Number of protein chains: 2
Amino acid sequence: MGRRNQHSREQQREMAIAAAELILVREGFAGLSMRKVADAIGYTVGSLYLIFQNQDDLLATINERTTDAIYGHLRDAIEWQSEPLPRLQQLGAAYIEFAQTHPARFRMLFEHRLPPEMEPRTSSETRIRRMFELVESCVAPLMSAASPQQLRRAATTLWSGVHGIASLAISGKFKWAGDAEFRGYCDDLIGTYVAGLQQR
Amino acid sequence: MGRRNQHSREQQREMAIAAAELILVREGFAGLSMRKVADAIGYTVGSLYLIFQNQDDLLATINERTTDAIYGHLRDAIEWQSEPLPRLQQLGAAYIEFAQTHPARFRMLFEHRLPPEMEPRTSSETRIRRMFELVESCVAPLMSAASPQQLRRAATTLWSGVHGIASLAISGKFKWAGDAEFRGYCDDLIGTYVAGLQQR
DNA sequence: AGAAACTCTGAACGGCGTCCATTTGCGAAG
DNA sequence: CTTCGCAAATGGACGCCGTTCAGAGTTTCT
């Protein structure tokens, strides 16, 4: 066959990404292959390489969407909460909730690494910076007397900690007390850390 | 060829594990294959399946060694430090240090998941429990008035946080201030969290 | 010496990412 | 309406991968 032109490049791209995300959710990171994606959208493997540079390019694209999805989820979660501490705790809980609701996407976001010869994408870094500013904006009211450096430091520390809980929650490496306990650990981490902050 | 019996089963096992760890360090998780391991120890692929059930079995075995190595590293790191808070901070720093020194092994430990049909290994859980008790024993002097449940909770929360820092440190997803900053974030997390604990 | 038991091989299978010569069919030119 | 050029899509090839297993090779027992 030759040109069919049933779908524009952009349409194909969207179809491929959507199909890949579905496979990722259903079969996990390891089960996601270029061949399966091609099958799912009704094209052959070769065609995928007219849309994406290679598999890493496709995966990195999905990861960008995942970052956006997390950002949106966090943003929505704190909309109605204005009290500073519960707001920050809500933010943490939303992060963990996302990880538990979309474990395959969350895992791939942090486990997939671009090979060194592919230059990092500036768009990814922008998205991450944006998410980080959201965290900082929630920490700020709790340490009003702090310098920008101190604020940045506290936000980084705290968010790394929240990420650790989310990360271990979906790792399956530990038998935890209960599945619903993660929210508790998160509240504890944030609450106690902030208490420590304010004491200083 | 047939039986050569130059190496006992146990010797072969050790050789294979050592070779696999070397490949893991040199080429990363993705570059580690059964064929390369077999080549490295001078046997054919088929022979590896007389020693290990499958690749997951080999990887899980390596992960057990990694857990032991982390445990040993943590234990050594706090030996000379008896002051409670610095001791706990030293423990956290050692954890992050291990992750940075052996990123491939650390990553595989948390990223590799046994397929659901393989039953989890009791030995892995024992090792993890042992490591966790080490953490608890370092947290205990800092919250002497707490119940066992409170202690357990604080240790879990805190260690998840430390793990998050280690995890992000080697993820390469974020451009951090400086490579040596992780120790600072870790000290901050532990110091501030403990300050919060004692205030309550 | 011959048979039995054991060790190890090597080829085979299906799946993977990636590449590219070849084919197909659309749109423009005549 | 026909022809032609060229972009679009194919599909087979390559070299990897994990896994299996019939059979070849070696040792041990009788």
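Letters A, B, ... mirror the listed sequences (proteins, then strands); counts begin at 1. Quick caveat, the model's predicted, so the values are computed rather than measured.
- Note that the CD atom of B:E64 and the CG atom of B:L59 stand 11.5 Å from one another [nearest 0.5 Å].
- In this entry the distance linking CG of A:L48 with C1' of D:dT10 reads 13 Å, nearest Å.
- A cation-pi arrangement, defined by a distance under 6.0 Å to the six-membered ring centre and an angle within 45 degrees of its axis, is present between B:R130 and B:Y71.
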> Should A:F110 and A:H163 be marked as a ring-ring contact (aromatic ring centres under 6.0 Å, His included) after you check the CA-CA gap, both sets of side-chain angles, and the distance that decides it?
Replying inline: CA-CA 10 Å; A:F110 290 100; A:H163 174 76; 4.3 Å; yes
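- Residues B:Q90 and B:W80 have side chains in contact (heavy-atom distance under 4.5 Å, counting atoms from C-beta outward).
- At whole-Å resolution of the value, CG in B:D57 and C1' in D:dG18 are 14 Å apart.
- B:I62 is listed as a side-chain neighbour of B:M108, based on a closest heavy-atom distance under 4.5 Å.
- Taking a 4.0 Å limit (strictly below) on heavy-atom distances, residues 23-38 of chain B reaches DNA chain D at B:L32, B:S33, B:M34, B:R35, B:K36.
- When rounded to the nearest whole Å, the span between CG of A:L50 and P of D:dT10 equals 9 Å.
- Taking 4.5 Å as the limit, some side-chain heavy atom of A:L50 sits within range of a side-chain heavy atom of A:R9.
- One finds the OG1 atom of A:T44 at 11.5 Å from the OH atom of A:Y49 (value rounded to the nearest 0.5 Å).
- Nearest heavy atom pair, residue A:L74 against residue A:A94, reads CD2-CB, 3.7 Å.
- Here B:Q12 reaches the OP1 or OP2 of C:dC8: one of its side-chain N or O atoms lies under 4.0 Å away.
- In this entry the distance linking CD1 of B:I41 with C1' of C:dC8 reads 12 Å, nearest Å.
- The side chain of B:T44 has C:dT9 as its nearest neighbour among C:dT7, D:dA9, C:dT9.
- At whole-Å resolution of the value, CD in A:Q55 and P in D:dC17 are 16 Å apart.
- The interatomic distance linking A:F52 (CZ) with C:dG17 (C1') rounds to 15 Å, in whole Å.
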Polar atoms only, N or O, under 3.5 Å: list the protein pairs with nucleotides 19-22 of chain C and their distances.
none

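- Distance A:Q11 CD to D:dA9 P: 11 Å, rounded to the nearest Å.
- With A:F29 as the aromatic partner, A:R107 does not meet the cation-pi criteria of under 6.0 angstrom to the ring centre and within 45 degrees of the ring axis.
- Across the protein-nucleic acid pair, B:I51 atom CD1 and D:dT19 atom C1' stand 15 Å apart, rounded to whole Å.
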